[in-house]
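By convention here, the first residue in the shown sequence is residue 1.
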Amino acid sequence: MEGASFGAGRAGGAIDPVDFLKQPQTILRVTTWIFSIVVFGSIVNECYVNKDSQNPELLCIFNENESACGYGIAVGIIAFFGCIFFLVVDLYFQQISSVKDRKRAVLLDLGFSGFLSFLWFVAFCFLANQWQRTTMSRGVSQGADAARAAITFSFFSIIVWAALALKALQRYRLGTDMSLFATEQFAADASAAYPGYPGGSGVESTDTYQSPPFTETLEANPKGYQVPAY
């Protein structure tokens with residue numbers, strides 16, 4: 001795309017909501033946004049259970065490890081708000097006129113996506129490990145489906161966030177070879193001289209400008225005599 005920078009057109013272009021929603025990057029963000037809701041929603045709602053009917057205290061279903069539930073909820077909330085933030089950035093990315101600001105936005109997206117992919121990898125390993133060590137009981141069996149859903153969508157989130165990081169990397173590489181300015185406005189050869197004012201055929205004329213002599217004919221005087229010409 002001529003005049004494009006970091007995967008977007010020139011600044012000030014119109015925003016088409018339909019085209020924006022069809023972009024692969026938008027689809028990935030919405031997908032991982034939904035996955036984050038599933039993870040922290042499942043843990044908050046169904047992964048705190050009573051160990052037995054005689055003990056009213058709610059314990060984390062993942063081997064009674066509060067850190068496992070807390071970590072899953074924290075990563076899910078970070079991913080939730082991160083998706084919203086970068087969706088807004090993507091929506092108004094084309095309105096950013098500064099190349100440096102576009103570069104910062106793409107680098108921030110790349111770093112955040114890579115970091116979230118790592119956090120989800122840790123969450124998947126942590127939750128899966130604690131779930132394997134969990135002793136099944138009546139209370140645990142009630143929240144087993146939610147625990148498995150949290151583990152499964154943590155794994156899916158790793159893939160989606162890694163894909164977002166790859167998309168950001170592609171945009172960054174694309175931006176290094178593009179320009180916001182049309183190349184036809186400049187001479188192809190950098191050493192070419194600036195074109196001067198057009199001067200016709202380019203051959204200087206040997207004729208020089210000369211005012212006509214005072215050879216006017218004698219004009220008649222209203223009184224009847226004539227004044228000689230100088």
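Disulfide check for Cys69/Cys60 passes, with the SG atoms closer than 2.5 Å.
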Kindly determine whether Asp101 and Arg104 satisfy salt bridge (Lys or Arg N to Asp or Glu O under 4.0 Å), including the steps that lead there. CA-CA 5 Å; Asp101 291 340; Arg104 293 190 187 100; 2.7 Å; yes
Starting from the C-alpha separation in whole Å, work towards a yes-or-no answer on side chain to side chain contact (heavy atoms under 4.5 Å, CB included) for Ile78 and Phe112. CA-CA 10 Å; Ile78 293 173; Phe112 185 82; 4.2 Å; yes
Assess the residue pair Val140 and Thr135 against the criterion (side chain to side chain contact (heavy atoms under 4.5 Å, CB included)); give the C-alpha distance rounded to whole Å, side-chain angles, the decisive distance to 0.1 Å, and a yes or no. CA-CA 8 Å; Val140 171; Thr135 302; over 6 Å; no
Can Cys125 and Phe155 be said to form a side chain to side chain contact (heavy atoms under 4.5 Å, CB included), step by step? CA-CA 9 Å; Cys125 295; Phe155 176 76; over 6 Å; no
Start with the C-alpha distance between Phe156 and Phe153, add both sets of side-chain angles, then the distance that settles ring pair (Phe, Tyr, Trp, His ring centres under 6.0 Å), and finish with yes or no. CA-CA 5 Å; Phe156 291 156; Phe153 284 95; 5.8 Å; yes
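Ser113 places no side-chain N or O within 3.5 Å of a backbone atom of Leu110 that could act as its donor or acceptor partner. Looking at Ser157, its side chain never comes within 3.5 Å of a backbone N or O of Trp120 through a donor-acceptor pair. Without hydrogens or angle criteria, Asn63 side chain to Asn65 main chain gives no donor-acceptor distance under 3.5 Å. Formation of a donor-acceptor pair under 3.5 Å by the Asn45 side chain with backbone atoms of Gly41 is found in this model.
What you find for Phe35 and Val160 is that their closest heavy atoms are CE1-CG2, 3.8 Å. For the residue pair Tyr71 and Leu119, the shortest heavy atom distance occurs at OH-O, 3.1 Å. The two residues Ala165 and Gly114 come nearest to each other via the heavy atoms CB-N, 3.9 Å. Between Phe93 and Val106, the shortest heavy-atom distance links the atoms CZ-CG2, 3.8 Å. Taking every heavy atom of both residues into account, Ala150 and Phe62 meet most closely at CB-CZ, 4.5 Å. Heavy atoms only, all atoms of each residue included: Gln25 and Leu164 are closest at O-CD2, 3.9 Å.
Put simply, the side chain of Ser67 reaches to within 4.5 Å of the side chain of Phe126, judged on heavy atoms. In this structure, the side chains of Trp33 and Arg29 stay at 4.5 Å or more apart for every pair of heavy atoms. Using a 4.5 Å heavy-atom threshold, the side chains of Ile27 and Gln23 count as separate. No side-chain heavy atom of Leu59 sits under 4.5 Å from any side-chain heavy atom of Val49.
Between atom CG of residue Leu21 and atom CG of residue Leu87 there is a gap of 9.5 Å, rounded to the nearest 0.5 Å. Between atom CZ of residue Phe80 and atom OG of residue Ser36 there is a gap of 6.5 Å, rounded to the nearest 0.5 Å. Between the OH atom of Tyr172 and the NZ atom of Lys103 there is a distance of 4.0 Å, given to the nearest 0.5 Å. Note that the CD atom of Glu46 and the CG atom of Asp145 stand 8.0 Å from one another [nearest 0.5 Å]. Atom-to-atom distance recorded for Ile77:CD1 and Phe40:CZ is 6.0 Å, nearest 0.5 angstrom. Within the model, atoms CD1 of Ile159 and CG of Leu28 stand 11.5 Å from one another, a figure rounded to the nearest 0.5 Å.
Under the side chain to side chain contact (heavy atoms under 4.5 Å, CB included) criterion, Ala144 pairs with Trp131, Arg148, not counting sequence neighbours. By the side chain to side chain contact (heavy atoms under 4.5 Å, CB included) test, Leu166 is found to be paired with Gln170, residues two or more places apart in sequence or in another chain being considered. Phe115 meets the ring pair (Phe, Tyr, Trp, His ring centres under 6.0 Å) test with no other residue; sequence neighbours excluded.
Few gaps surround OH on Tyr48; more than 12 heavy atoms of other groups in view lie less than 6.0 Å from it.
Classification of Asp109 and Arg171 as a salt-bridged pair holds, one side-chain N sitting under 4.0 Å from a carboxylate O.
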